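As the structure is a computational prediction, the values presented were derived from the model and not from experiment. Computed over heavy atoms, backbone and side chain alike; hydrogens, waters and symmetry mates excluded. Numbered from 1 within each chain, the chains take letters A, B, ... in sequence-line order.
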Amino acid sequence: MQVVVDNNGIKRYLVTLNINGDSYTRVIKANTLLVKFLREEIDLTGTKKGCELGDCGSCTVLMDGKPVNSCIVLAVEADGHEITTIEGVAQNNKLDRIQESFIENAAIQCGYCTPGMVLSAKALLTQNPHPTEQEVRTAIAGNLCRCTGYVNIVKAVLVAADEQ
Amino acid sequence: MNLPDFDYYIPASLQDACALLAEKGPGAKVLAGGTDLLNKMKHELMAPEVLISLKKLDQLTSIDYVSGKGVVIGSMATHNAISNSSLLQEKYLSVCEAAQHMANNQVRNVGTIGGNIVNAVPSADLPPIFIALGALLTLVSTNGERVMPLEEFFTGPGKTHLAPDELLTGIVIPDNSFTGSTYIKFGLRRSGALAVVGVAVAVEMDRNICKDARIALGAVAPVPMRAKKAEAMMIGNAITDELLEQVGVCASTECNPISDIRGSEEYRRDMVRVFTKRALRKAINNGHV
């Protein structure tokens with residue numbers, strides 16, 4: 001990894017992340033968290049900051065297809081990896097069926113957990129197209145929703161799976 | 001929440017990683033998954049000047065059977081890699097199950113077994129099952145390699161025998177004759193909860209006679225511990241409900257829990273009794289589950 005040292009002796013690192021199919025190269029400090037990189041360097045603010053400790057799942061993104069909490073991943077550690085944020089889920093201006101299903105099943109209230117929920121569901125259905133209710137609940141167990149009680153979220157994911 | 005500044009290195013070889021660790025001294029910390037370390041840094045519980053990332057050391061992520069040695073798990077294997085390993089599912093499903101019930105999916109995709117062990121949290125989910133299965137750690141530094149039973153590794157909450165210039169590179173489950181093993185985590189929620197009590201057991205049964213038994217308890221002492229008196233009550237004896245109850249009672253007196261927000265000492269002791277009995281019954285009847 002290329003290191004750039006400025007006049008004050010501060011080290012920065014040259015990283016290239018593939019985000020939603022686009023390649024972004026930036027020179028950043030090592031303490032830049034992936035969530036900060038996405039929101040402040042790339043202006044992708046769909047990824048939300050919640051607890052910032054890896055408990056709530058609001059900042060969930062997919063790293064090489066797997067859900068991770070971007071608040072406890074260093075951007076330098078994501079160098080060379082493929083990141084999918086909520087902005088990358090809709091294709092050609094068409095919402096993903098999971099997003100459609102969340103709307104149709106009233107699985108959204110305040111919406112703060114929704115990006116993370118959709119990405120956890122996306123990763124699940126990619127790997128396991130026809131999950132059981134228990135598998136859906138396990139997949140979103142790291143995404144806390146304080147509004148809905150989860151019932152409609154689980155339903156939305158199951159309906160999206162049925163439509164496949 | 002921002003992280004303080006630190007210097008970052010991402011060595012390309014194990015030799016380089018060891019050399020860096022030796023060179024940078026106690027101010028350097030190894031970065032594995034970071035799910036624990038970065039949180040501690042955010043809370044200013046730890047302020048390493050240098051982080052040495054093991055991310056490029058691909059050889060540390062493997063999970064293989066090595067003939068004559070046993071199952072070798074690289075320290076950078078994530079919880080989900082362990083949980084999804086077909087080798088482990090076939091040989092020690094109990095280990096997969098323990099990894100599967102840790103934290104949540106996002107953390108399991110990043111957090112590593114090496115981190116789970118080295119952080120030495122008394123309630124960690126993986127150490128008890130590995131101690132029950134007699135696992136050995138491989139510790140590497142510029143001075144070479146040493147092997148230590150996991151059981152002897154912990155010295156207190158957050159404290160281990162790992163030298164400041166040493167890296168944990170792997171965990172070995174040696175070949176053994178256990179017929180069953182299991183880990184039961186008792187937490188206050190199904191997900192994202194620390195264990196109030198964790199009980200792991202491994203047994204070798206010959207019909208109804210117990211030839212060998214190991215009971216490892218988590219979250220009920222400063223370090224994961226074996227209930228050796230309880231184990232001794234089983235060996236050579238026929239398994240009955242009465243015996244399992246006595247073994248559970250014995251384990252509950254051997255442990256040394258604290259009272260905290262998740263449970264009182266008295267409650268934890270009684271749960272050790274209950275879950276020791278249940279875990280033994282499960283491993284005796286169902287094998288490695």
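With a 4.5 angstrom heavy-atom cutoff, B:Leu31 touches chain A only via side-chain atoms. For a residue to count as touching a neighbouring chain, one of its non-hydrogen atoms must lie under 4.5 Å from one of that chain's; by this rule A:Thr32 does not touch chain B. For B:Leu3, the parts lying near chain A are the backbone and the side chain together; criterion is any non-hydrogen pair under 4.5 Å. For A:Lys66, the parts lying near chain B are the backbone and the side chain together; criterion is any non-hydrogen pair under 4.5 Å. Only the side chain of B:Arg108 comes within contact range of chain A, with at least one heavy atom under 4.5 Å from a heavy atom of that chain. Looking at A:Ala123, there are no atoms closer than 4.5 Å to chain B (heavy atoms on both sides), in backbone or side chain. Residue contact with chain A, scored on non-hydrogen atoms closer than 4.5 Å, is absent for B:Asn80.
Proximity of B:Leu167 to B:Leu139: side-chain heavy atoms (C-beta onward) are nowhere separated by under 4.5 Å. With a 4.5 Å cut-off on side-chain heavy atoms, B:Arg262 and B:Arg268 count as touching.
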Stepwise, does the side-chain hydrogen bond (donor to acceptor under 3.5 Å, both in side chains) test hold for A:Thr84 with A:Asn20? CA-CA 5 Å; A:Thr84 304; A:Asn20 303 329; 4.7 Å; no
B:Asn109 vs B:Thr78, side-chain hydrogen bond (donor to acceptor under 3.5 Å, both in side chains): CA-CA, chis, key distance, verdict: CA-CA 6 Å; B:Asn109 276 329; B:Thr78 63; 5.6 Å; no
What pairs of donor and acceptor atoms, side-chain ones from residues 47-57 of chain A against any protein atom, are under 3.5 angstrom apart with sequence neighbours left out?
{"from": "A:Lys48", "atom 1": "NZ", "to": "A:Thr45", "atom 2": "O", "distance (Å)": "2.9"}
{"from": "A:Glu52", "atom 1": "OE1", "to": "B:Met1", "atom 2": "N", "distance (Å)": "2.1"}
{"from": "A:Glu52", "atom 1": "OE2", "to": "B:Met1", "atom 2": "N", "distance (Å)": "3.2"}

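Checking A:Lys29 against A:Tyr13 by side-chain atom types alone, no donor-acceptor pair falls below 3.5 Å. A donor and an acceptor atom, one from each side chain of A:Thr148 and A:Gln109, are nowhere located under 3.5 Å apart. In this structure, a donor-acceptor pair under 3.5 Å is present between the side chains of A:Ser120 and A:Asn143.
Atoms CZ and CD1, on B:Phe130 and B:Ile117 in that order, are 6.5 Å from each other to the nearest 0.5 Å.
Within a 6.0 Å radius of CD in A:Gln134, more than 12 heavy atoms belonging to other residues, nucleotides or ligands are found. Heavy atoms from other residues, nucleotides or ligands lying under 6.0 Å from CD of A:Gln127 number 12 at most.
Among B:Leu37, B:Val110, B:Asp5, B:Asn2, the residue with the largest count of heavy-atom pairs under 4.5 Å with chain A is B:Asp5. Interface remark: of the candidates A:Val35, A:Ile140, A:Leu74, A:Leu74 forms the most heavy-atom pairs closer than 4.5 Å to chain B. Of the residues considered (A:Thr138, A:Leu144, A:Asn69, A:Val3), A:Asn69 shows the highest number of contacts with chain B, using heavy-atom pairs under 4.5 Å. Taking chain A as the reference chain and counting heavy-atom pairs below 4.5 Å, the highest number among B:Asn105, B:Asn39, B:Leu38, B:Asn104 is found for B:Asn39. In terms of non-hydrogen atom pairs under 4.5 Å with chain A, the most contact-rich of B:Gly34, B:Gly192, B:Ser53 is B:Ser53.
Against chain B, no residue from residues 90-102 of chain A qualifies, as none has a non-hydrogen atom under 4.5 angstrom away.
By the 6.0 Å and 45° rule, A:Lys11 does not stack over the aromatic ring of B:Tyr8.
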